[in-house]
Each structure stands twice: as C-alpha cells, then as structure tokens.
Amino acid sequence: MLTDFNPSTTGTNDPAAAPAVRKSDREPRGRRQTVLVIDDAIANRTVLEEMLSDQWTVVSACGGAEALELLGHVEPDVVLLDIVMPDVNGFEVLRRMKANPNMADVPVIFITGLDRPEEEAFSLELGAADYITKPFHEPVVRARVAAQMRLSGERRHMEALAHRDALTGIPNRRQFDSVLEHEWRRARRSGQTLSVAMVDVDFFKQYNDHYGHEAGDQALKAVAGALQSAMRRPGDLAARYGGEEFALVMSDTGDSSAIQLAETVRAAVAALQVPHAHSKVAPVLTISLGVATLEPDSGETPELLMRRADGNLYRAKEAGRNRVYAD
C-alpha cells in the first residue's frame, strides 16, 4: 500500500497535503529515587520507611520471594536487604539480582543482624555495595543510602546519555534495538500487533551539498523533533537510526493505524517548511517512510519486521519519495 504526494491527483502543490491511498485492503528528569526495603520483620520495614520516605520513595517486601516478584515491576535505585529470611534469604536474592542484566547494577546494602567479619566479607564478594549491622542508626543508614543514591543517579545519567543521539537528542540506534526487542517480546506474549517504520530524509545529500553541513545538522534536529512529537504512547519510540535515517516503533498498532501515524509524521516534517531548493519532489524538506506490521510469533524475529520496513522504504523512494509505503 502506498501513500504519496501527487499534484496531479490532489490539485495542490502543498507537500503537507498528501493523501493516504491504500494500495490494498512507539527517565523523566527529576524523578524521585526509590528504595526497596526487603525484611521479614514488619517493625524493621516500618522504621526504615519512616526514616527514608521524606527523601525517597520507599517500597517494601516482606521476604525474598516477594522482593524478586516486585523487582519485575519496580526499578529501585537502592535495595536495603536483610540476610536471614524464612523463604529466600538475602544472599540468594543478591545472587539472582546479579544474574539478571536488568538488576545487576542496582546497589544492594545488606542491613542485618549478622555481624561477623566473615559474613560481611562474603556479602561484599557476592557484590553487595555496603553492609550495615543491626541495631542500625538513622544517621548511618541515611548517609549510606544517600551515597549509593548519588552513584545510582550518576549511573542512570550515563546510561541515558549512552542511549541518546548526540546530535538530535532523541534515542539512538542502540536504544531503538532495545525497545524493539522489548516490545516484540511483549507483543508475542499478549498476541498484539507491532509496527515499525523506516524513515529517510529525501535528497539529503543534495541538501548538505547546497546548504552546508551545519544547516544539515539543524535540519536533522528539526526532523527528529517532528518525529518525536508524534510518538505519544509509552510503547512508541522515534529514534535516529544513522545518518539521515530514522526509525519508529509503534506498539500495539495495526497496519491502518501505523500508516495513519506514518502519514501524520510525513506531513509534520513537510509542514516545517524547511527550504530545499535541490529536492526533486517538493520545495521543502520531506521524508519517505516504509511501514511494516506483524503479530509476532515464535517463528519470527524483529529483524524480519525491520527487513520488511526497509524494503517498503525502498519502494517508497522508488515510487517518487515524500510518501508512505506499506505492504
């Protein structure tokens, strides 16, 4: 299916007015950091919550099993962990956290009645960030949690920078691949559809040659802003894929809705009215998009979806650019 700008059929030279013609029937700054308290003694959990909740969000679990379940939904910045618990002890909780790439970097402070040096040494060897013995004292607990919070905040900041495109400020290829993999698994579990789009800036080499690379950088930033503004749901993502190519993830989105969103993005870029004297399709900067949709199953991979989208992008460009193509 193809959507495009065609003056002979639309009766206008406005590149943002292209019709959608079917060929056939995707951490907020200043977030409050979170402490997860894991202790089977309700008195200890209550005291720690009262002690820490003025500065941080406190979530608690009454044992190791509940904590491991919570860690599938909560992303703590620091964990306060008792060792002696009746179901899953603290050592085993830490082992499982370190074995999970999504939890391995979360700092864990043991807060326990075990006060022998060999137990503290064993805890640190397992990967604990700190060790506090009971009875604990508020100034010590607050100071040690604060120290780990600073380190955790710095780590999250560095991770965010690593997943952002330095020029445009939107997610980069690495983040796109991560989100696509996550949304693919989620769609496969839930039986939902997943759509992606490959996006290419039309005649960008000619734009750079004529206006210069500084203007080209500004144009890419403008395109990135238009794409990102269209991504309104939590599972949607606009990313810079490389060079003048961008990519979209559209979660729980069927083919019709994906085409509609892609057409909205195409029109938004044209509406920026960035002059492009050497474009062969419009007097302003435009984009072409290839859209693909699947309901993932065990025999398919995200790479298949991307290959289809890339093939449809090629077809959009072959058909004249400044249009959306979907099979």
Side-chain angles (χ1 to χ4, degrees), residues 27 31-138 140-142 144-149 151-153 155-156 159 178 181-192 234-235 298:
E27 304 208 351
R31 62 179 285 275
R32 186 174 168 90
Q33 291 178 296
T34 299
V35 183
L36 173 59
V37 176
I38 309 168
D39 197 313
D40 61 311
I42 188 171
N44 289 334
R45 296 198 307 274
T46 300
V47 169
L48 288 168
E49 182 170 354
E50 292 175 351
M51 184 187 299
L52 303 173
S53 60
D54 65 323
Q55 190 168 354
W56 303 289
T57 297
V58 180
V59 179
S60 63
C62 63
E66 182 183 358
L68 291 168
E69 175 67 22
L70 266 177
L71 284 165
H73 309 284
V74 176
E75 296 183 10
D77 296 274
V78 172
V79 172
L80 289 177
L81 177 60
D82 190 18
I83 293 177
V84 180
M85 294 183 288
D87 52 0
V88 181
N89 68 42
F91 292 141
E92 182 60 23
V93 171
L94 180 58
R95 285 193 188 97
R96 295 191 195 180
M97 288 181 64
K98 293 299 178 183
N100 186 327
N102 295 324
M103 307 177 193
D105 292 331
V106 177
V108 173
I109 301 174
F110 276 123
I111 187 161
T112 176
L114 302 179
D115 60 357
R116 291 179 301 201
E118 58 268 28
E119 289 159 342
E120 181 175 355
F122 180 66
S123 300
L124 297 174
E125 289 170 3
L126 278 180
D130 206 341
Y131 193 96
I132 301 172
T133 56
K134 299 175 182 176
F136 47 79
H137 303 283
E138 180 172 347
V140 173
V141 174
R142 289 182 66 89
R144 294 193 179 186
V145 170
Q148 294 304 322
M149 282 295 187
L151 293 174
S152 182
R155 175 180 58 81
R156 286 183 181 270
E159 287 176 351
S178 176
E181 180 67 31
H182 173 79
E183 292 300 323
W184 179 273
R185 291 196 302 267
R186 192 169 70 87
R188 189 167 62 187
R189 289 194 304 268
S190 62
Q192 296 173 333
S298 57

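Just so you know, these numbers use all the heavy atoms, side chains as well, and skip hydrogens, waters and symmetry mates. The structure presented is a predicted model; accordingly, all values stated were derived computationally and were not measured.
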**Request:** Mind listing the closest non-hydrogen atom pair of Arg155 and Pro107 along with its distance?
**Result:** NH2-CD, 4.5 Å
**Residues Glu120 and Arg116 bridged, charged N to O under 4.0 Å** = no
**Item:** Nearest non-hydrogen partners of Ser123 and Leu94, listed with the distance
**Value:** O-CD2, 4.1 Å
**Thr46: side-chain contact (heavy atoms from CB on, under 4.5 Å) partners, not counting sequence neighbours** = Ile42, Glu50
**Request:** Kindly write out the residues that satisfy side-chain contact (heavy atoms from CB on, under 4.5 Å) with Val106, not counting sequence neighbours, or none if the list is empty.
**Result:** Pro76, Val79, Met97
**Lys/Arg-Asp/Glu bridge criterion (N-O < 4.0 Å) met for Asp105, Lys98** = no
**Nearest-0.5 Å distance that lies between atom CD1 in Ile132 and atom CG in Asp115** = 14.0 Å
**Request:** Considering only NZ, NE, NH1 and NH2 on the basic side and carboxylate oxygens on the acidic side, decide whether Arg45 and Asp40 come within less than 4.0 Å.
**Result:** no
**Message:** Measuring from atom OG of Ser178 to atom CD of Glu183, what distance do you get when rounded to the nearest 0.5 angstrom?
**Reply:** 10.0 Å
**Request:** Report yes if the side chains of Val74 and Leu36 come closer than 4.5 Å at any heavy-atom pair, otherwise no.
**Result:** no
**Prompt:** With no hydrogens and no angle check, do the side chains of Arg32 and Gln55 hold a donor and an acceptor under 3.5 Å apart?
**Reply:** no
**Prompt:** Is it true that Asp39 and Lys134 have a side-chain N and a carboxylate O under 4.0 angstrom from each other?
**Reply:** yes
